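Okay, structure first, notes after.
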Amino acid sequence: MPILSVHARWLQNGTSVAGGHGYGGASNQLAYIGGFVVDDDGTVVIADICNNRIMQWKVGDMNGKVVAGGNGGGSRMDQLTHPGHVLIEQETNSLIICDYGNKRIVRWSLRNGITQGEVLLSNTCCSGLAMDDQRYLYVSNCAKHEVRRYQIGDKYGTRVAGGNDNGTGLNQLNILLSVVVDRQQTVYVSDYGNYRVMKWNKNATEGIVVAGGQGNGTALTQLSGPTGLFVDTLGTVYVADMHNNRVMRWPQGATQGTVIAGGFGKGAGANQFNSPFCLSFDRHGNLYISDTFNYRVQRFSLE
């Protein structure tokens, strides 16, 4: 995880590092992008939702490579249906995939010759995934409005956020999407339906609003469709503000955020987004955004 200054700035024009050739299923295209991750060498691994596949783009590649799925939508072990998010599990050289359409979480080895995955969890309405440094898996369950923590192999898990039906209370969530976790097992959740980002300390029964929470809107105190999240070592929250077509930074304790990318209206320009969904950073501090309806992943270089 990079150490980022709260005053860090990024170039306002992004560069496409994956996709950017319209909607489609060719090797240089994407079709509705979900979550993605960036590994230590800058390789981007993307949940390509409507193509029912996970794609890998190495630095400088014009075309991506299918690394999981890609055999049509379905429930066979060599298939995925609308995969929504993906993680890299370094210890096993595998991907962990939220196979949303099949209500399951699967592990898919990246070793040569492996052509199918294995089910880790079933009957799970997964909308977000995270893994902590102790290899606990965190799953945001969109049907139960909760986040659960699992040891690999555990089928039941422990609730760590939400789980009190959908609502606006501090012990509730409403259409939760991305989840991230820090070294203290503090859980951060994008609470899409409540226009806020929530922080749940370990063993807490209520969350704390750390971004938004002032209703739906365009002000710097507000969010409109918070989706992707990243939290750095200082506790600064970075959030994709989907319907405002911008990415915001909220330092710990801040009552309003600042725009660090986008914010120039909906569009396809190098400084614009059309529904940014997920975000991440590489080890150098460069910012990556999945730009949903421009069918691309953009990299914004650190100034």
Side-chain angles (χ1 to χ4, degrees), residues 2 4-24 28-38 42-49 55 57-64 177-178 190 192 195 197 211-212 216-232 236-251 254 256-303:
L4 297 167
S5 165
V6 294
H7 304 295
R9 294 170 58 89
W10 290 263
L11 298 178
Q12 289 302 294
N13 286 346
T15 302
S16 289
V17 296
H21 297 279
Y23 179 98
N28 67 347
Q29 293 180 305
L30 297 164
Y32 196 83
I33 310 164
F36 71 93
V37 285
V38 183
T43 298
V44 182
V45 179
I46 302 164
D48 188 9
I49 295 177
M55 295 289 285
W57 249 276
K58 292 185 178 292
V59 174
D61 282 355
M62 297 300 294
N63 295 286
L177 293 178
S178 296
S190 54
Y192 177 93
Y195 314 109
V197 177
N216 181 25
T218 61
L220 294 178
T221 57
Q222 295 177 303
L223 297 167
S224 181
T227 52
L229 288 181
F230 187 93
V231 180
D232 69 15
T236 302
V237 173
Y238 299 81
V239 55
D241 189 13
M242 187 176 195
H243 302 307
N244 284 324
N245 293 295
R246 65 189 183 186
V247 177
M248 300 191 74
R249 172 174 58 201
W250 295 68
Q256 68 177 40
T258 57
V259 178
I260 63 168
F264 298 102
K266 180 172 71 174
N271 66 347
Q272 293 179 301
F273 301 118
N274 188 351
S275 300
F277 185 77
C278 186
L279 67 102
S280 189
F281 292 88
D282 65 21
R283 61 192 177 95
H284 303 295
N286 300 310
L287 171 65
Y288 295 70
I289 313 288
S290 59
D291 189 7
T292 305
F293 295 113
N294 285 320
Y295 314 110
R296 65 188 181 185
V297 176
Q298 294 281 89
R299 181 183 66 228
F300 293 81
S301 297
L302 189 65
E303 287 189 352

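Everything numeric here is computed off the predicted structure, so don't read it as measured data.
Minimum interatomic distance between Pro276 and Thr227 (heavy atoms only, all atoms of both residues): O-OG1, 3.4 Å. Looking at every heavy atom in both residues, Gln256 comes nearest to Trp250 through CA-CZ3, 3.4 Å. Across all their heavy atoms, Gly267 and Asn294 have their closest contact at O-ND2, 2.9 Å. Nearest heavy atom pair, residue Asn274 against residue Lys266, reads OD1-CD, 3.2 Å. When all heavy atoms of Asn244 and Ser224 are compared, the closest pair comes out as ND2-CB, 3.5 Å. Closest approach of Ser290 to Gly34, counting heavy atoms only: OG-O, 3.7 Å.
If you take OG on Ser16 and CD on Gln298, they are separated by 3.5 Å, rounding to the nearest 0.5 Å. Between the CZ atom in Arg246 and the OG1 atom in Thr258 there is a gap of 10.0 Å [rounded to 0.5 Å]. Distance OH/Tyr192 to NE2/His243: 2.5 Å, rounded to 0.5 Å. Here the CG-CD1 distance, from Leu279 to Ile260, works out to 7.5 Å after rounding to the nearest 0.5 Å. Note that the OG1 atom of Thr292 and the CG atom of Leu30 stand 10.5 Å from one another [nearest 0.5 Å]. Atom SG of Cys278 is separated from atom CG of Leu177 by 10.5 Å, given to the nearest 0.5 angstrom.
Here the side chains of Val297 and Trp57 are not in contact, with every heavy-atom distance at 4.5 Å or above. Side chains of Thr236 and Arg249 form a contact here, defined as non-hydrogen atoms less than 4.5 Å apart. Looking at Leu11 and Glu303, their side chains come closer than 4.5 Å, going by heavy atoms from C-beta outward. Taking 4.5 Å as the limit, some side-chain heavy atom of Leu220 sits within range of a side-chain heavy atom of Met248. Annotation: side chain of Asn28 is not in contact with side chain of Met62 (no heavy-atom distance under 4.5 Å). In this structure the side chain of Val237 reaches within 4.5 angstrom of the side chain of Leu229, judged on heavy atoms.
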Subject >> Audit row: Phe277, Met242, side chain to side chain contact (heavy atoms under 4.5 Å, CB included) steps and yes/no >> reply: CA-CA 6 Å; Phe277 185 77; Met242 187 176 195; 4.2 Å; yes

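No donor-acceptor distance shorter than 3.5 angstrom exists from the side chain of Asp241 to the backbone of Val247, with no hydrogens or angles considered. A donor-acceptor pair is defined here as one N or O able to donate and one able to accept, closer than 3.5 Å; no such pair exists between the side chain of Trp10 and the backbone of Arg299.
Exactly one residue among Phe293, Phe264, Phe300 makes a ring pair (Phe, Tyr, Trp, His ring centres under 6.0 Å) with Phe273. That residue is Phe300.
When the shell of 6.0 Å around NE2 of His7 is examined, it contains 12 or fewer heavy atoms from other residues, nucleotides or ligands.
Ring planes of Tyr238 and Phe230: perpendicular class, angle over 60° (limits at 30 and 60°).
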